[in-house]
Structures are given as structure tokens and as C-alpha cells.
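Some notes on the structure that comes next.
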Amino acid sequence: MDMKGLQLSLSVPNQASSPANPDRAQEPRPATQETLAPGALLLRGIAAAFVPILLDDLARIVAEAPLRHMKTPSGLRMSVAMSNCGPLGWISDRAGYRYSALDPDRGRPWPPLPASFLQLAQSAAAQAGFPDFVPDACLINRYAPGAKLSLHQDKDERDFSAPIVSVSLGLPAVFLLGGLRRADRPSRHLLQHGDVVVFGGPSRLRYHGILPIQAADITAHPQLENIRINLTLRKAR
DNA sequence: CAGTATCG
DNA sequence: ATAT
């Protein structure tokens, strides 16, 4: 049977609807914000004005520190390709999850955190009630169609008082936001190009994840053809 | 357990 | 959805 047709006909609970008018599908969306949970805020479209400089900086970063598929501690390949910038980078291998000042693939420091990343993250954090956010790590995630990130907690940082700031570019994704226990049923939220999620305070340790990405035609940015890029800024130390 | 396999 |  045609499972794709069936899935397209099903509504996704708790998920925002897409624009009905195709002519407006890639217009800049007005900046709106939605509280997903206490301490978790979705800022729709706020990265739009930053996109050209973000992509320019991103191209230089991944030219120096290439995206790669890390391994889980159990030795399995992650479907999301990752790199980092900033003083610290999140890495995963058989030795576990941790932050490292050196890119293990190159034996060199990660590229610097660009001003564009820092300014966007601090602006988003301030709007969410975290005016003093100073990230020291940015994880870069590249999702091709089919890539996903199953439900997990960000708990490798020393300082849980700082929020996580997550920037979405390119293909849309369904974001799962769970509770503090893995068994808590997640809510679902559509993340689109230019959206930023900030989660901190009582939501800092919520389980979260991304459903498998679906291919689509976004057309606006050749660098984002058929991929989703997620920038996740953190204070690791 | 940031993945995958298997089950009803 | 559930085990791991």
C-alpha cells in the first residue's frame, strides 16, 4: 500500500499547520513566539535576517572542520553529520559523550565561534529571559533526508543554568519535546527555516529529538538544498 | 538508550 | 510502543 500518501493525509497532533497559499510559502514569516513549556520558547523566523551571514560563516567552518558522522558509545553511526565551532565541541565515540577543545579528526582546535552565531544566540536567549548567555560551544548538525535524532537529554554540560539555543535552517523538521523522564510523551512542533528554540530553566533537561527529515524543495538557498542545518549553542563550562 | 531491533 |  502507499504509506507515503497515507502519512501525508494524517494530521500531526500539536503541530503547526503549513501555509495554505503556495505563493506565500517562502515569504519571510512575521516573527512570532510560542511557549512550548515553561522555560522553552519557539521564536519563529527570527534568524531570517541572519541567514546570508550565517551560511557564509558556516561554509568556512565546515571547510576547516568537516562534518562527519560520529559514533555512539555502542559503536553505531549517527545519521546526523556533525561538526563544531567555538572553544569547545561536543563529540561522541566509543569512549562516550563529552566536550573537547580539539577536533579529534584533525587534532586541532575547533574553528572560532563567529560573531553572527554569537549575536543571534544572545539575541534569542535574551528574548527568552536569559540576558547573560555566553555560549562556549556550538554543535553543527546536518540532516539529510532520513536523518533523525532520537529522544535524548543534553546533559554533558557542567552548567545547567545556561539555556540551549537551537537554530533551524533549510528543510523543516518535527521537533519532539518531552519531559524530564524518557517515558514522558513528547509534544510535536514543526521547526522551519529561520526558527530558533531556546530551552532553559525548568526545561533545560527535557528529553527532545527530531523525527526523520523529509525531502522537500525549499529553493531559497542553494547551500541548503535538501538538507537541514541545526546550530546548537551551549555553555559547556 | 544522541541507536536499533522487535513486537502487537 | 517497548526493550535495551
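Chain naming here is simple, since letters A, B, ... match the order of the sequence lines and numbering starts at 1 in each.
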Study note, to complete from the structure: Between A:Asp93 and the options A:Arg98, A:Arg77, A:Arg68, the salt bridge (Lys or Arg N to Asp or Glu O under 4.0 Å) test singles out A:Arg98
Check your understanding: How close or far is atom P of B:dC1 from atom CD1 of A:Ile210, stated in whole angstroms?
Key -> 20 Å
Practice item. Check whether any side-chain nitrogen or oxygen of A:Arg182 sits under 4.0 Å from OP1 or OP2 of B:dG3, and answer yes or no. Key: no
Point to revise | Separation of A:Arg188 CZ from A:Leu177 CG (nearest 0.5 Å) | key: 12.5 Å
Check your understanding: Can you tell me how far the CZ atom of A:Phe130 sits from the NZ atom of A:Lys235, to the nearest 0.5 Å?
Key -> 14.0 Å
Point to revise | side chain to side chain contact (heavy atoms under 4.5 Å, CB included) partners of A:Asp156, counting only residues at least two apart | key: A:Trp90, A:Tyr97, A:Tyr99
Practice item. Starting at atom OH of A:Tyr207, determine the distance to atom P of B:dG3, rounded to an integer number of angstrom. Key: 13 Å
Check your understanding: Do you know the tightest heavy-atom contact between A:His69 and A:Ser79?
Key -> CE1-O, 3.2 Å
Check your understanding: Which of residues 85-106 of chain A have a heavy atom under 4.0 Å from DNA chain B?
Key -> A:Trp90, A:Tyr97
Review point. Around atom CZ of A:Arg108, are there more than 12 heavy atoms of other residues, nucleotides or ligands at under 6.0 Å?
Key: no
**Study point:** Protein-nucleotide distance (A:Asn141, atom CG; B:dG3, atom P), rounded to Å
**Key:** 11 Å
Check your understanding: If we call it a pair only when both distances are under 3.5 Å in a Watson-Crick or G-U wobble match, what pairs with C:dA3?
Key -> B:dT4
Point to revise | Length of the line joining A:Asn230:CG and B:dA2:C1', which is rounded to integer Å | key: 12 Å
Exercise for review: Would you indicate what A:Asp156 reaches in the nucleic acid, counting non-hydrogen atoms under 4.0 angstrom: base, sugar-phosphate, or nothing?
Suggested key: base
Exercise for review: Please say whether more than 12 non-hydrogen atoms of neighbouring residues, nucleotides or ligands are located less than 6.0 Å from CD in A:Glu225.
Suggested key: no
Check your understanding: On a whole-Å scale, what distance lies between the P atoms belonging to B:dC1 and B:dA5?
Key -> 14 Å
Practice item. Figure out the NE2/P separation between A:His208 and B:dC1, and round it to whole Å. Key: 16 Å
Give me the distances for all protein-to-nucleotides 4-7 of chain B N/O pairs that come in under 3.5 Å?
none

Review point. If you group Ile, Leu, Val, Met, Phe, Trp and Tyr by side-chain heavy-atom gaps below 4.5 Å, do A:Val165 and A:Leu205 land in one group?
Key: no
